[in-house]
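One structure is given below, encoded as C-alpha cells.
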Amino acid sequence: MKAVSKLLHLMPPSTLSCSHRYSSSLQETSSLLNDFANFCYHRDLPRAMHALDAMEKHGVYADATTYSNLIKCCLAHKAVREGKHLHRHVFSNGYAPKTFLINSFLNMYVKFSLLEEAEKLFDEMPERNVVSWTTMISAYSNAKLKDRAMRFLVLMVREGVMPNMYTFSSVLRACERLYDIKQLHCSIVKVGLESDVFVRSALIDVYSKLGELLEAMNVFREMVTGDSVVWTSIIAAFAQHSDGDEALDLYKNMRRVGFPADQSTLTSVLRACTSLSLLELGRQVHVHVMKFDQDLILNNALLDMYCKCGSLEDAKFIFNRMAEKDVISWSTMIAGLAQNGFSMEALNLFDSMKVRGPKPNHITILGVLFACSHAGLVDEGWYYFRSMKTLCGIDPGREHYGCMLDLLGRAGKLDDMVKLIHEIEYEPDIVTWRTLLDACRTHRNVDLAAFAAKEIQKLDPHDIGAYVLLSNIYANSKRWSDVAEVRRAMRTRGLRKEPGCSWIEVNKKIHAFIMGDKSHPQIDEINSQLNQFICRLISAGYVPDTNFVLQDLEGEQREDSLRNHSEKLAIVFGIMSFPRDKTIRIWKNLRICGDCHIFAKLMAKLEQRHIVIRDPIRYHHFKDGVCSCGDYW
DNA sequence: TTAGGGTTAG
C-alpha cells in the first residue's frame with residue numbers, strides 16, 4: 001500500500017489525470033520502479049536503461065534521487081546518448097522536475113563538455129539556485145570563458161542569489177586581473193568564507209599566477225585548519241616562480257606538521273629540485289614517487305629533473321619504463337638530450353616520435369631546433385624549420401625563428417641571420433638582437449655587434465646584457481677605449497654587471513663561489529690546489545685563453561683574472577670534496593667562458609673525473625678531455 | 001545537485 005501511495009505521489013499530474021492509459025497493474029509498476037531504483041543505485045547502466053524503457057511504456061516516473069543516481073551512472077560510463085535520453089524522459093508528459101534534479105542534468109552536460117545544451121537548460125529553468133549558477137560559472141571557468149564566468153557572478157547577485165564557497169572557488173579561477181581578485185577576496189572575507197580550504201587554495205593559486213607571491217603567502221599564513229591541497233598550492237606557487245629554496249622549506253614544514261605528500265606535492269617538490277639542480281635530493285624524492293608509479297605528470301616531472309640535473313642515464317631509464325607517455329614526456333626527453341649535447345640521439349628520438357609517439361607540438365619542435373643549433377646542423381635545422389608546417393601542422397612562431405637565428409649565429413652565418421631577421425613577420429625584439437649580438441661576439445664582427453647593441457638599447461636603455469656583450473666584443477678586439485666608453489655608459493646609467501657565480505652541492509649543502517669573493521671557509525686551500533693544477537696543466541700544454549678577459553690588463557695579470565672565474569673554484573672544490581668515481585655537478589648563472597671550458601676538459605682528463613656544468617642555456621659533460629657540446633656552444 | 005593543488009620552452 002505504501003508503494004502504491006508513493007507511486008501515485010510521484011506520477012506527473014498530467015498522467016494521473018489520464019490513468020486509463022495504463023494497461024499494467026499497480027503491483028507491476030511498483031516492481032518496475034523497485035527494479036529501476038535498484039539498477040540505478042548499483043550503477044548498472046544497461047539494465048537501468050532497459051527498465052527506463054519499460055517505465056516509459058507505462059508512463060511511470062521515479063523519484064529525483066533515483067534519477068540523480070542514474071545521471072551519475074551515465075557520467076561514470078561517459079554515456080552521453082543515455083544521459084540525453086534520460087533528460088527527455090524526465091521532461092516528458094509535462095512532468096516538472098525539482099530544481100536539484102535539473103541541476104544534475106546541468107552538471108551532466110557540463111561534464112560532457114556540452115556547454116550549449118547546458119546553457120539552453122539553464123535558460124529554461126523556472127528557478128535557479130546557487131548550485132545552478134555555480135555549475136555554469138564553473139563550466140565557464142574551465143572552458144576559459146573568463147568574462148562570461150565573471151558576468152554570471154554579477155547576474156546571480158543581481159537576481160538575489162548569494163554566492164557560496166563553491167561559487168567563489170570557481171569564479172576565482174576565472175580571474176586574470178589583480179583588481180578583480182582583490183574585490184573578490186574582500187567579498188570572501190566579508191561573508192566569512194576565507195577559512196574554507198577550497199577558497200584558500202584558489203586564492204593562493206590566482207595570486208601566484210599573477211606573480212603576487214607575498215599575497216599568496218599571506219593567504220597561506222592565515223590558515224588555521226591545515227589542508228594538504230593548500231600546502232601543495234603554496235609549494236607549487238614558489239616552485240613555479242623559481243624559488244626552489246622556499247618551496248623546499250615549505251615542503252619540509254608540511255611533512256613536519258604531519259601532512260603526507262601526494263602526487264601533486266611531489267611534482268612541485270621535484271620542480272624545486274630541478275630549479276636548484278639538486279640531483280641527490282631529487283633522487284630521494286624519486287623513492288617516494290615509486291608509490292605513484294603510474295602518475296604521468298609526476299613521471300614527467302621526474303624525467304625533467306634527471307634531464308636538467310644532467311643525469312641522462314636516469315632520464316632514459318625513466319622514459320623507457322614509463323607505461324604512458326604524452327607529448328610532454330617526449331618533448332622533455334628530446335630537449336633533455338639536446339641540452340646535454342646528445343643532438344643526434346635527440347633527432348633520432350624525434351623520428352621515433354613521429355612513427356610511434358603522440359603528435360609533436362610547438363615545444364617539441366623547439367627541442368629539435370635546439371638540437372640542430374647546438375650541433376651545428378644547419379641543413380637539418382632548415383629542413384625541420386621549413387617542414388614543421390607540413391610535418392606537424394605547426395606554423396613557426398617567434399621562438400622557432402629565435403632558434404633558427406641562434407642556429408645561424410652559432411654557425412657563423414651572420415649574413416643569413418640578417419636576411420632572416422628581415423624575413424620575420426614579427427618586429428625584432430630584444431631577444432632577436434641579443435642573439436645577433438652574441439653571434440657577433442663568437443665570430444668577431446665588431447661593426448654588426450655595435451649595430452645590434454644600439455637596437456637593444458633603443459628598445460631598453462637599461463638592458464645590461466647588451467652592454468656586457470658589447471664590452472666583451474670590444475675587449476676581444478683589444479679596443480680598450482671602446483670598452484672604457486661602454487663601461488662609462490653603464491656607470492652613468494647606474495648599471496652593474498652581474499658577477500659570475502657557480503654553485504656545487506656537497507654533503508647536502510650548497511656552496512656558492514662568486515668571482516673575486518674570498519668568503520668561502522676553504523678558499524685558501526682551494527686557491528692553493530688551483531694553482532698547483534694550473535701549473536701541472538701548463539706543463540702539459542695548457543695555454544690560458546685570455547680572450548675572455550674583460551679588463552685592459554697585461555700578461556700575468558690577465559691570467560690571474562681568469563683564475564678567479566667561479567667555475568674553476570667550484571671544480572677544484574668538487575675534486576677536493578668527492579671521490580674519483582663521483583660526478584662533479586656545478587651550475588652557474590652566466591655562460592661558461594672559453595678558458596674555463598678548456599680548463600674543465602683538461603681537468604676531467606688529468607684527474608679522470610666526470611664534470612657536469614649547467615649554464616643558463618645548456619649542459620656540458622666533461623669526460624676524458626672532451627665535452628659533450630663538441631666545443632660548440 | 002555546485003568548487004581545489006602538479007609536468008615540457010620562454
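All of these numbers come straight from a predicted model, not from anything done at the bench. For the numbers below, each heavy atom of this structure counts, side chains included, while hydrogens, waters and symmetry mates do not. Chain A is the first sequence line, chain B the second, and so forth, proteins listed ahead of strands; every chain is numbered from 1.
Nucleic acid contact class of A:Thr167 (heavy atoms, under 4.0 Å, all strands): none. Within the nucleic acid shown, A:Val199 has no heavy atom closer than 4.0 Å to any nucleic acid atom. Nucleic acid contact class of A:Thr332 (heavy atoms, under 4.0 Å, all strands): sugar-phosphate only. The residue A:Val269 sits apart from the nucleic acid: no heavy atom pair falls under 4.0 Å. Residue A:Ile137 is classed as having no contact, given no heavy-atom separation below 4.0 Å to the nucleic acid. A:Ala236 comes within 4.0 angstrom of the backbone, heavy atoms only, and of no base. Contacts of A:Arg200 with the nucleic acid, taken as non-hydrogen atoms under 4.0 Å apart, are absent.
With B:dG4, B:dA3, B:dT7 as the candidates, the nucleotide lying closest to the side chain of A:Val197 is B:dG4. Among the nucleotides B:dT7, B:dG4, B:dT1, the one closest to any side-chain atom of A:Asn142 is B:dG4. Of the candidate nucleotides B:dA9, B:dT7, B:dA3, B:dA9 has the atom lying nearest to any side-chain atom of A:Leu366. Among B:dT2, B:dT7, B:dT1, the nucleotide with an atom closest to any side-chain atom of A:Ala301 is B:dT7. Proximity note for A:Arg271 (side chain, C-beta onward) versus B:dT7, B:dG6, B:dT2: the nearest is B:dT7. Residue A:Ile363 has its side chain nearest to B:dT8 when only B:dT8, B:dG6, B:dA3 are considered. Closest contact between the side chain of A:Asn107 and the listed nucleotides B:dT2, B:dT8, B:dT7 involves B:dT2. Checking B:dT2, B:dA9, B:dG4 against the side-chain heavy atoms of A:Val229 singles out B:dG4 as nearest.
Protein atom CZ of A:Arg173 is 14 Å distant from nucleotide atom P of B:dT2, rounded to whole Å. Rounded to an integer number of Å, the gap from CZ of A:Phe198 to P of B:dG5 is 10 Å. Residue A:Leu303 contributes atom CG, which lies 14 Å from atom P of B:dT7 at whole-angstrom precision. Here the P atom of nucleotide B:dT7 and the CD1 atom of A:Ile297 are 8 Å apart, to the nearest Å. As a whole-Å value, the separation of A:Met156 CE from B:dA3 P is 14 Å. B:dT8 atom P lies 17 Å from atom OH of A:Tyr306, rounded to whole Å. When the C1' atom of B:dG6 is taken as reference, atom CG of A:Asp326 falls 13 Å away, rounded to whole Å. Atom pair A:Met404:CE and B:dG10:P shows a separation of 16 Å (rounding to whole Å applied).
Aromatic ring centres of A:Tyr251 and A:Trp231 lie farther apart than the 6.0 Å criterion allows. Checked against a 6.0 Å centroid threshold, the rings of A:Phe122 and A:Phe152 count as neighbours.
Residue side chain A:Ser169 reaches the base of B:dA3 through a donor-acceptor N/O pair under 3.5 Å, judged by distance alone. In the interface, the side chain of A:Asp262 is not paired with the base of B:dG6 through any donor and acceptor atom under 3.5 Å apart. Side-chain N/O atoms of A:Thr232 and base N/O atoms of B:dG5 include a donor-acceptor pair closer than 3.5 Å. One donor-acceptor pair, N or O on each side, does fall under 3.5 Å between the base of B:dG4 and the side chain of A:Asp227. Side chain A:Ser201 to base B:dG4: a donor-acceptor pair is found below 3.5 Å.
Judged by the 6.0 Å distance and 45° axis criteria, A:Lys78 is not positioned over the aromatic ring of A:Phe112.
Between A:Arg177 and A:Asp180 there is a salt bridge, since at least one side-chain N of the basic residue sits less than 4.0 Å from a carboxylate O of the acidic one. A salt bridge is absent between A:Lys209 and A:Glu176: the closest approach of a Lys/Arg side-chain nitrogen to an acidic carboxylate oxygen does not fall below 4.0 angstrom. We find that A:Asp406 and A:Arg410 are joined by a salt bridge, their nearest charged nitrogen and carboxylate oxygen being less than 4.0 Å apart.
When the side-chain nitrogen and oxygen atoms of A:Lys308 are compared with OP1 and OP2 of B:dT7, none of them lie within a distance under 4.0 Å. Between A:Arg398 and the phosphate of B:dG10, there is no side-chain N or O to OP1/OP2 separation shorter than 4.0 Å. Look at A:Gln240 and you'll find a side-chain N or O under 4.0 angstrom from OP1 or OP2 of B:dG6.
Both thresholds, 5.5 Å between centres and 30° between ring planes, are not jointly met by A:Phe100 relative to the base of B:dT1, so the two rings are not stacked.
A donor-acceptor contact shorter than 3.5 Å links the side chain of A:Arg200 to the backbone of A:Glu194.
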